[in-house]
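Throughout, a chain's letter reflects where its sequence line sits, starting with A, and its residues are numbered from 1. Values below: every heavy atom of this structure, side chains too, minus hydrogens, waters and symmetry copies.
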Protein chains: 2
Amino acid sequence: MKKESMLSQTEENYLKEIYALQEGNQWAVSTNSIAEKMQTKASSVTDMLQKLSNKGLVDYTKYRGSRLSGKGNDKAISIVRKHRLWETFLVEKLNFLWDEVHDIAEQLEHIKSEKLIKKLEAYLGSPKFDPHGHPIPNGNGEITKVNRVSLAEFRIEEVGIFVGVKDSSDSFLKYLSKNKIAIGDTLKLLYIEPFDNSFLIYTNSRQFVISENVAKNLYLKSE
Amino acid sequence: MKKESMLSQTEENYLKEIYALQEGNQWAVSTNSIAEKMQTKASSVTDMLQKLSNKGLVDYTKYRGSRLSGKGNDKAISIVRKHRLWETFLVEKLNFLWDEVHDIAEQLEHIKSEKLIKKLEAYLGSPKFDPHGHPIPNGNGEITKVNRVSLAEFRIEEVGIFVGVKDSSDSFLKYLSKNKIAIGDTLKLLYIEPFDNSFLIYTNSRQFVISENVAKNLYLKSE
DNA sequence: ACATTTTTTTAGGTTAATCTAAAAATAAAT
DNA sequence: ATTTATTTTTAGATTAACCTAAAAAAATGT
């Protein structure tokens, strides 16, 4: 094993978080936003950014924020890959519910063995998406792009298939389970209430009101 | 989760090592022997013993050595259980060879989730032995006792089935693989050479000379 | 443009797990 | 029974990852 390139769990967690924060936009990630997500103080984040910067994993400019370097990006993707493969394993093979697997996968994603993850992937049949509908990067860090759009951007009467969540927080997943909305369901947007921007949708032979916030967190594939 | 009773990986490793060192005999484990196995210095071990002793996991008397307390023993067994279940998973499900799984299981054994290990066990069909023939403790910490004896204690002409290794070091496992000795094989002790205590055995339609050291590390079930 | 607020960094400490070197206790050897 | 050797512990440092409080830089408001 190349010990020099071995990252601590903490370093890996920072990379993963910066990756999540910078994905989509191309602006530098602020120190505070990292601190908030990691539940630490900004001063701790600064320390870590300096360290990751020295290791060439992050491009960091004092007071100006950070972006992952190419190397840092590769590393982050490999962690995301592990996380999502493990989540898939937990749900598909061990019969966990999709709202139970996050914390366990947070631990499993740090297990160090390329061979393990290769074999796990093969065992699962090289899945392209995890139980929350998130794409699983392949061994080369390539991510299947999928045409999906948040329900919040739908037009009235538009129909789509629910393919994934944006934020996979425990509480949101539990909300969906409780309300029997599952990946694969067909949804139709019936009406948006102007007063509070709540969405009236039709799915599984019933009508249903959801908040704008919920709508934003549902990814659909338009038909 | 009961955070107070949460142990660090390092603490868990110490408990596991003390467990291994004290099993069989009833004497206190010396600080130096722990240091040797853990690849650290005796002074570091002393520090840790004091900490574990304060937590009630180890009975430690200055200069006199240590034993696991009841609580420490339970914890150690639960780690051994996890280790062996994961090894079984790696070999049975992911098709690893038995000499490739140790390091990965060393990492996996520290994953914290009772539910995970319960589900993993069920998924594997509640195996009683791991790929090296070591018994897997059940959820209550009970260990299947098996009548097995080291080949070194066999009499001439005695026949037995190879059911497990004593020491499962990488090098020993690789030696066995290379020489096509696998769990389940029937072995017969033909002769012990008085000069160097080497053992002449018969297995898989061939004769074979092994050192005394190898003989000591093979567990057989006498027929 | 300047004062105020917010963000970020620095300076200096803390804790867990390690280390080295020295001191203390135990064990072994004559 | 002393001396010598070995084992174990203590004392004092180090490192990674965190913290608080203060200083510095950037952003904002008037």
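- With rounding to whole Å, A:Leu49 atom CG is found 16 Å from C:dT7 atom P.
- Residue B:Lys62 places at least one side-chain N or O closer than 4.0 Å to OP1 or OP2 of D:dT10.
- Here the C1' atom of nucleotide D:dC18 and the CE atom of A:Met38 are 11 Å apart, to the nearest Å.
- Remark: B:Gln50 is in phosphate contact with D:dT10, judged by side-chain N or O atoms under 4.0 Å from OP1 or OP2.
- To the nearest angstrom, P of C:dA16 lies 13 Å from CG of B:Leu52.
- If you check every strand for non-hydrogen atoms under 4.0 Å, A:Thr31 touches sugar and phosphate atoms only.
- Among the atoms of the strands shown, base atoms are found under 4.0 Å from some heavy atom of B:Ser44.
- A:Lys55 has its NZ atom 10 Å from the C1' atom of D:dA16, to the nearest Å.
- Of the candidates C:dA25, D:dA26, C:dC19, the closest approach to any side-chain atom of B:Ser43 belongs to C:dC19.
- Using a 4.5 Å cut-off on side-chain heavy atoms (C-beta onward), B:Val58 and B:Leu15 make contact.
- Nearest nucleotide to the side chain of B:Arg64, out of C:dA27, C:dT8, D:dC18: C:dA27.
- Spacing between atom CD of B:Gln9 and atom P of D:dA16 amounts to 18 Å, rounded to whole angstrom units.
- Using cut-offs of 30° and 60° on the angle between ring planes, the pair B:Phe89 and A:Phe89 is tilted.
- Comparing C:dT9, D:dT10, D:dC18 against the side chain of A:Thr10 picks out D:dC18 as the nearest.
- The distance from atom NZ of A:Lys41 to atom P of D:dC18 is 13 Å, rounded to the nearest whole Å.
- The separation between B:Ile34 atom CD1 and D:dT7 atom C1' is 13 Å, rounded to whole Å.
- Positionally, the nearest nucleotide of DNA chain D for A:Asp47 lies more toward the 5' end than for the other of A:Tyr63 and A:Asp47.
- Among the atoms of the strands shown, base atoms are found under 4.0 Å from some heavy atom of A:Thr46.
- From B:Ile79, atom CD1 reaches atom CD of B:Glu109 across 6.5 Å, with rounding to the nearest 0.5 Å.
- Within the 4.5 Å cutoff, no side-chain heavy atoms of A:Trp86 are placed close to those of A:Leu124.
- An OP1 or OP2 oxygen of C:dT6 is reached within less than 4.0 angstrom by no side-chain nitrogen or oxygen of A:Asn32.
- The aromatic rings of B:Phe162 and B:Trp98 sit perpendicular to each other, their planes meeting at more than 60°, with 30° as the lower class boundary.
- Taking only side-chain atoms of A:Ser30, from C-beta outward, the nucleotide of D:dT8, C:dT8, C:dT26 with the closest atom is C:dT8.
- Between B:Tyr60 atom OH and C:dA25 atom P there is a gap of 13 Å when expressed in whole angstrom units.
- Checking A:Met48 against B:Thr61, the closest nucleotide of DNA chain D that is more toward the 5' end is the one next to B:Thr61.
- Dashed line: the shortest gap from a side-chain N or O of A:Tyr14 to OP1 or OP2 of D:dA16 is not under 4.0 Å.
- Within the 4.5 Å cutoff, side-chain heavy atoms of A:Thr144 are placed close to those of A:Phe129.
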